[in-house]
Number of protein chains: 2
Amino acid sequence: MPRVTLKTIAEAVGVSRTTVSNAFSRPDQLNPELRRRILEVAEELDYAGPDPAARTLRRGKAGVIGVLLTEELSYAFTDPYAVAFLRGLAEIAEAASTSLLLMAWPDEASAERVVREAIVDGFVAFCMDEGHPALEALHQRRLPFVIAGEPYVKGVPFVGIDDRAAAKTLCTHLLRLGHRRLAVLQATHPRINMDTAHMSSAIADRLAGYRDAVLDAGLSWDDVAVRPTTHSREGGRSGAAQLLDLYPRPTAIIATTDLIALGALQAVAERGLTVPGNVSIAGFDDIPEAGEAGLTTIRQPKSEKGRTVGRLLLEETIGNAPRILMPYELITRSSTSPPPGA
Amino acid sequence: MPRVTLKTIAEAVGVSRTTVSNAFSRPDQLNPELRRRILEVAEELDYAGPDPAARTLRRGKAGVIGVLLTEELSYAFTDPYAVAFLRGLAEIAEAASTSLLLMAWPDEASAERVVREAIVDGFVAFCMDEGHPALEALHQRRLPFVIAGEPYVKGVPFVGIDDRAAAKTLCTHLLRLGHRRLAVLQATHPRINMDTAHMSSAIADRLAGYRDAVLDAGLSWDDVAVRPTTHSREGGRSGAAQLLDLYPRPTAIIATTDLIALGALQAVAERGLTVPGNVSIAGFDDIPEAGEAGLTTIRQPKSEKGRTVGRLLLEETIGNAPRILMPYELITRSSTSPPPGA
DNA sequence: TCGTAGTTCTGAATTGATTCAGATCCAAAT
DNA sequence: ATTTGGATCTGAATCAATTCAGAACTACGA
């Protein structure tokens, strides 16, 4: 049996399609009594209501913002940084009665298709890898879109922080405390079926910031041990374990993200060493767990970032493609102190 | 200037609309050389690709699952229980190249509209309040949908646990330890513009389970102090503070959720008392923080719940409307012990 | 009684694609 | 020389609504 549509009902009641449409979408345009009858018949016929796809086609507005995330969708609910960002975005979207479409693809090859088929009014790309095929597809859609965090693409509205300057601030803090033997734990994006680990642009910026500080202090960057590691607590743990085995042992370990720093804290504890007594540890992002762990870190306004992106997208004033840099802040907690013997 | 569509391109190239459509959606249906030319012209004309709304209208499939959440959308990224559930759902959706539409409405009145306008193939309602207008609208859409957690509505596929039996297990554990003076912290859903606090059906079930255990032990439910509190850490803290002031002081406090129990732990610490020395505390859900806090609780398979819901929705085998009850497990940690002096 | 205004309803055009049954054309097989 | 088959392309119908100009009717004051 064919689907029940406006037409079916119009015929059953003996009115025009227009009138039935009005009964649902513009109640003030018809006699209340007639409207009642139409709704009644619709109910009897098990009508599911005006088809949203057809409506959107005609109206040209979806009331939805598409959200693209790195690799796995479940990441949206795993990484505390992503969670905070999305919370901020959700607040703004909700107030505008706009839903969030969290987009998912099983592999890079499908990303394009998913982007092409999304029924949305705009997109936000959150911490996508530079050069991801989805970004190219995004351009093709010619809808408003904002890149959050990374990568910075010329001409595309961007919301983030000055990672490089922030990283320099953090590293300078350690140098001022007197540390001279530094080590860095650097997050990598492990790509499937690729044996080279990929560094994201934000991470690259942070690394550059650490370097800036080291050079400014008149030290050599070559003396700083940089260890790549997967972006996870466990990655930080094993990476830090190796750094702690160096001789002479570094007096401070700076991670490119809090998640990794938390793993490093664990590694230190497992060695029977203490933080900051034997070694100072610093992270980046200030996720909630960082506070509990007493981690010195750079705080960036995660939820506020999400809110800013939401406003940008909803106000449609992004024609001028601004690059918005949010404020950051050095948060010093108990995981850093002057080096032992200083 | 009018929008660029398939027609515009068809005319520019001098072929039919069908052929242009095929160039995008069925590359094998036309000469590669012609396809190349069409794509080239499309690029020149700044064509944004086949309109997804039009495509969906014609095809009848959206590739999206709609997710309805209680009250605030940001809740999805706040409550660890919700986060875990959504992670599981996301895993399954992703594998099927299906996106998740997190639906948001500024107030209850808009909920209906948002549900009616969502372009999706199915819905999942996560821990919605019983009788929420969105649920009614959901029925009207006549799309597959699954209710997760609560409320249980006859005839609608359901995935959850047997809250009542689980609660009984938990309470029985405390009674076996020897506790006789119990108190309960009960979560409420505060409704806007309503002075009566609303109890969700899952919470009601848990409460009933506690009562079952108490009665089975030959005790009187009237002797158990039940304190309603908002569903938050802070609510648990202030609620517990009051229970601790009772004389004689309860030897065990059972909360209806972990979040509240965590607040209770804090209240005990603020009083200068110890857990479980002076008072035992138990929660419900086993959110990650519960493990860290050493909280005795009921573990329910949060992510697995999400996965089950996802499979149900994607396999479309939900015609028979099953009620799926997942396994739960009593997790005893350091927050419970025999009462003082036992 | 006529003009005007307001309410209620309709018809046809429009939104942007996909689908499917055929029309063409060319080469290979009979 | 005719048939067959495949590849390539087209026209018209279809998907399910919304929109807008205008028709029909009623009511009201002049």
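To find a chain, count down the sequence lines: A is the first, B the second, and so on, and within it residues start at 1.
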Asker: Using the side chain to side chain donor-acceptor pair (under 3.5 Å) criterion, which residues pair with B/Arg59? Sequence neighbours excluded.
Answerer: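 Residues passing side chain to side chain donor-acceptor pair (under 3.5 Å) with B/Arg59: none at all.
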
Asker: Side chains of residues 41-54 of chain B: which donor-acceptor pairs under 3.5 Å do they make with residues two or more places apart or in other chains?
Answerer:
{"unit_1": "B/Asp46", "atom_1": "OD1", "unit_2": "A/Arg142", "atom_2": "NH1", "d": "2.8"}
{"unit_1": "B/Tyr47", "atom_1": "OH", "unit_2": "B/Gly49", "atom_2": "O", "d": "3.4"}
{"unit_1": "B/Asp51", "atom_1": "OD1", "unit_2": "B/Ala53", "atom_2": "N", "d": "2.7"}
{"unit_1": "B/Asp51", "atom_1": "OD1", "unit_2": "B/Ala54", "atom_2": "N", "d": "3.2"}
{"unit_1": "B/Asp51", "atom_1": "OD2", "unit_2": "B/Arg3", "atom_2": "NH2", "d": "2.9"}

Asker: In whole angstrom, what separates A/Asp28's CG from C/dC9's P?
Answerer: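 Value for this atom pair: 12 Å.
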
Asker: Taking side chain to side chain donor-acceptor pair (under 3.5 Å) as the definition, give me every residue that meets it alongside B/Arg26, ordered by chain and number, with sequence neighbours left out.
Answerer: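 By the side chain to side chain donor-acceptor pair (under 3.5 Å) rule, B/Arg26 matches no residue at all.
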
Asker: Report yes if at least one side-chain N or O of B/Ser16 is closer than 4.0 Å to OP1 or OP2 of D/dC9; otherwise report no.
Answerer: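 Result: no.
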
Asker: Listed by chain and number, what are the side chain to side chain donor-acceptor pair (under 3.5 Å) partners of B/Arg37, not counting sequence neighbours?
Answerer: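 Partners of B/Arg37 under the side chain to side chain donor-acceptor pair (under 3.5 Å) test: none.
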
Asker: Apply side chain to side chain donor-acceptor pair (under 3.5 Å) to B/Arg307 and list each qualifying residue two or more places apart in sequence or on a separate chain.
Answerer: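 Expected list: B/Glu91, B/Glu304.
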
Asker: If I take atom CD in residue B/Glu11 and atom P in nucleotide D/dT10, what distance separates them, rounded to the nearest angstrom?
Answerer: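 Answer to the nearest Å: 13 Å.
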
Asker: How would you label the contact of A/Leu57 with the nucleic acid (heavy atoms, under 4.0 Å): base, sugar-phosphate, or nothing?
Answerer: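 Base, at least one base atom sits under 4.0 Å.
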
Asker: Please encode protein proximity along nucleotides 17-28 of chain C as a string of B, S and -, counting only heavy-atom distances under 4.0 Å.
Answerer: BBBB--------

Asker: Nearest whole Å is fine: how far is C/dT10 C1' from A/Asn31 CG?
Answerer: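 Rounding to the nearest Å, CG of A/Asn31 and C1' of C/dT10 are 15 Å apart.
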
Asker: Among residues at least two apart in sequence or on other chains, which ones pass side chain to side chain contact (heavy atoms under 4.5 Å, CB included) with A/Ala82?
Answerer: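 Testing A/Ala82 for side chain to side chain contact (heavy atoms under 4.5 Å, CB included), a comparison that skips the adjacent residues, returns A/Tyr75, A/Asp79, A/Phe126.
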
Asker: Anything under 30° is parallel, anything over 60° is perpendicular, the rest tilted; go ahead and classify A/His139 against A/Phe145.
Answerer: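 Correct class here is perpendicular.
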
Asker: B/His132 and B/Ala111: which non-hydrogen atoms are nearest, and at how many Å?
Answerer: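 Heavy atoms of B/His132 and B/Ala111 come nearest at CE1-CB, 3.8 Å.
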
Asker: Under 3.5 Å, side-chain donor or acceptor atoms of residues 13-20 of chain B against the rest of the protein: list the pairs with distances, not counting sequence neighbours.
Answerer:
{"unit_1": "B/Ser16", "atom_1": "OG", "unit_2": "B/Thr18", "atom_2": "N", "d": "3.4"}
{"unit_1": "B/Ser16", "atom_1": "OG", "unit_2": "B/Thr19", "atom_2": "N", "d": "3.3"}
{"unit_1": "B/Ser16", "atom_1": "OG", "unit_2": "B/Thr19", "atom_2": "OG1", "d": "3.2"}

Asker: Grab the CD-P distance between A/Gln29 and D/dG22 for me, whole Å please.
Answerer: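 The answer, rounded to whole Å, is 17 Å.
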
Asker: Hey, can you pull the residues of residues 32-45 of chain A with a non-hydrogen atom under 4.0 angstrom from DNA chain D?
Answerer: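 Within residues 32-45 of chain A, no residue comes under 4.0 Å of DNA chain D.
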
Asker: I'd like to check the side chain to side chain contact (heavy atoms under 4.5 Å, CB included) partners of B/Leu39; sequence neighbours left out, ordered by chain and number.
Answerer: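 Partners of B/Leu39 by the side chain to side chain contact (heavy atoms under 4.5 Å, CB included) criterion, ordered by chain and then number, come out as B/Ala23, B/Phe24, B/Arg35.
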
Asker: Quantified as the angle between the terminal helix axes (five pairs each), what is the overall bend of the helix from C/dT1-D/dA30 to C/dT30-D/dA1 to 10 degrees?
Answerer: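 Its terminal axes enclose an angle near 50°.
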
Asker: For A/Leu325, what residues pass the side chain to side chain contact (heavy atoms under 4.5 Å, CB included) criterion, not counting sequence neighbours?
Answerer: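 Side chain to side chain contact (heavy atoms under 4.5 Å, CB included) check on A/Leu325 returns A/Phe158, A/Asp162, A/Arg323.
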
